[in-house]
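The next block holds one structure in the form of structure tokens; read it before the comments.
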Amino acid sequence: MNWSSKESPQYQAIVIGAGVCGIYQALHLKKMGLPATVIERADDVGGTWYWNRYPGCRFDSESETYGYSFSPEVLEEWNWSERFASRPETERYLQYVVEKFDLRKLMQFGCSVTSAVWDEQERLWRVGLSDDRLLTTRFLLTAIGLLSEPTLPRYPGVSRFKGLSFHTYHAPREPVEFRGKRVAVIGTGATGVQFIAEIADKVDSLTVFQRRPNWCAPLNNALISLEQMQEIRSRYSEIFKKCKSTAGGFVHDVDPRKALDVSPGEREAFWEELYASPGFGIWIGNFKDVLTDFAANAEMSKFVARKIRERVKDPRVAEKLIPKDHGFGTRRVPMETKYYEVYNRDNVTLVDISETPIECITETGIITSAQEHEFDIIVYATGFDAITGAFDKIDIRGVDGQRLKDKWKDGPIAAYGLAVNGFPNLLTLAGPQSGSVATNFPRGIEEAVDWCTDLLQYAYLHGVTRLEARRDTEEAWGVEVRKWAQRILFGSEQSWFTGYNSNVDRAPGIRYLIYAGGAPRFRKHVGGEATQGYPGFELR
Ligand code: NAP
């Protein structure tokens, strides 16, 4: 096809989303001097850290590994106050970065992208916004988050409740007064666990509706003094080097020993040490076979079950909190601060809805098969339509009008998780199957954004106005993604990693959303693609 453009796009690049990923991409586009804009549905930057205003929200990455690594000045100026920073602190950090690099002028707030239609003749995207504007851009970059489409349960009556109710993602901006209130929480994933532990001692009564328990482990958070921060600062290059070397982009690295090769005493001592250490070490810094071998995993599960029994006084409640249908770490491990002790309180009740299911929500509370409960506040910590949910919300149409939602109906497929055949000039930063989505997020997205920026630079240097992942590239990547998912126990467990969400209509079965081959291997794949001049892409 001969290509002659009659229409110049308004922008060379539109980024959707001004969270951790969109901010970093905006910075690169500004440096490149391209006409570019960022469209953000919220009225400020932050993404995840803007929305999730529920009490207790914080990340599980060591703070010093969560900040951007690109700017020595930022590293010098910013002080983290806790080992694992809270949501407000992270939001402030992102605002500070945006001000420092004067990125707000690239950003448009309070409007969503509703559609994006590829125009083959003009080689541009026509981007529709919720305020009815239509923009055009040569390249479209999605930075729309992994967990940005919250899902509510489909119980009858959810909208009938007359008290205050919200999904944790949409927790009110103004602090909620929980004191003296009868509060219900539905959901015990990483979000529910944080929220429950934070509010249990502040409410009149707390009733937790649990369907499947998760294996939780202590976060072991602590304050960081200014002296400690100085010491951290002196090690930044070492810290980032370490993160680069590990599969998950964390400071935690898998232990080269096998759990069953060491003596029971040695195993136990190591697990005790991990249980008392900060962060994800217990999950991703464990013996190398704990997440790949059922027997090793079963031993680890027994250890954590024992801890739960020690911490929860009522043995019947403890048994309900111990997962029986999956092993430790085969779903995302919620990190907790005195979560299990919450169930020793007189004002807290655990309702096992696998035994007595919720039948409906009423104007005044929740009815289970066993009884009616009255509440002032119902909080839904019921998770997200992970990764592809945010894409499905936008009507994205590629070559010949093909809808991305249709292409991904039975599961996503994307070259390195960053580009999709049939959808030219679309770069899915941190998209499904990208290496960056299974890592400490900022570490992963810095690499994905750097890589996509290099690709854009290459395109400009070589006069490329249309780039598209080849079909065989994305197919080969799909094989690689499945291979690693099958080697790791969480690759077959029902959780958001595998696209499970009971609140969404979807054919049963695993959706391969994340690349479990590890960040160094991902880097090798995409790095090879770039150094060879992008043979996996068609460049015109
Ligand atoms: P989640 O892990 O998907 O957990 C959702 C919870 O809601 C599960 O307990 C689920 O039960 C329950 N649920 C869903 N629908 C339900 C229904 N209809 N009836 C009853 N229960 C229902 O979601 P999340 O807790 O929001 O966490 C999602 C991810 O966000 C985490 O895995 C993590 O990656 C991220 N996150 C990170 C942090 C952090 O960094 N500390 C904090 C919060 C979240 P079933 O298990 O039975 O489905």
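Counting convention: from 1, in listed order, for ligands and their atoms alike. Quick note: residue numbers are just sequence positions, from 1.
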Discussion item. Between the side chains of Glu447 and Arg523, is the shortest nitrogen-to-carboxylate-oxygen separation below 4.0 Å, so that they form an ion pair?
Written reply: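 A salt bridge links Arg523 with Glu447.
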Worksheet item: Should Glu341 and Lys338 count as an ion pair when the cut-off is N to O under 4.0 Å?
Response: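 A salt bridge is absent here (no side-chain N lies under 4.0 Å from a carboxylate O).
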Worksheet entry | Backbone of Ser354 reached by a side-chain donor or acceptor of Asp352 within 3.5 Å |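 Flag set: sc Asp352 to bb Ser354 pair under 3.5 Å.
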Relative to the heavy atoms of [X], which atoms of ligand 1 are at a distance of less than 4.0 Å?
X: Ile353; answer: 20 (C)
X: Leu147; answer: 29 (C), 30 (O), 34 (O), 35 (C)
X: Phe384; answer: 26 (O)
X: Gly187; answer: 6 (C), 7 (O), 9 (O), 12 (C)
X: Tyr500; answer: 48 (O)

Item to complete: Please name the residue in the list Phe522, Tyr515, Tyr416 that meets the side chain to side chain contact (heavy atoms under 4.5 Å, CB included) test with Ser434.
Response: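 When side chain to side chain contact (heavy atoms under 4.5 Å, CB included) is applied between Ser434 and each of Phe522, Tyr515, Tyr416, only Phe522 qualifies.
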Fill in: 4.0 Å heavy-atom contact, Tyr54 with ligand 1
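A heavy atom of Tyr54 does come that close to ligand 1.
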Worksheet item: Which of these passes ring pair (Phe, Tyr, Trp, His ring centres under 6.0 Å) with Tyr93: Phe59, Trp80, Tyr66, Trp49?
Response: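 It is Trp80, the one option of Phe59, Trp80, Tyr66, Trp49 that forms the ring pair (Phe, Tyr, Trp, His ring centres under 6.0 Å) with Tyr93.
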Could you check which of [options] puts a non-hydrogen atom nearest to [atom]?
atom: atom 40 (O) of ligand 1; options: Gln194, Met335, Arg332; answer: Arg332
atom: atom 10 (C) of ligand 1; options: Arg212, Gln494, Arg211, His326; answer: Arg211
atom: atom 7 (O) of ligand 1; options: Gly189, Gly383, Ala381; answer: Ala381

Side chain, backbone, both or neither: the part of [X] lying under 4.0 Å from ligand 1 by heavy atom:
X: Gln210; answer: neither
X: Tyr155; answer: side chain
X: Ile186; answer: side chain

Discussion item. Taking the ring of Tyr24 and the ring of Tyr68, is the distance between their centroids below 6.0 Å?
Written reply: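 Ring-ring flag for Tyr68/Tyr24: true, centres closer than 6.0 Å.
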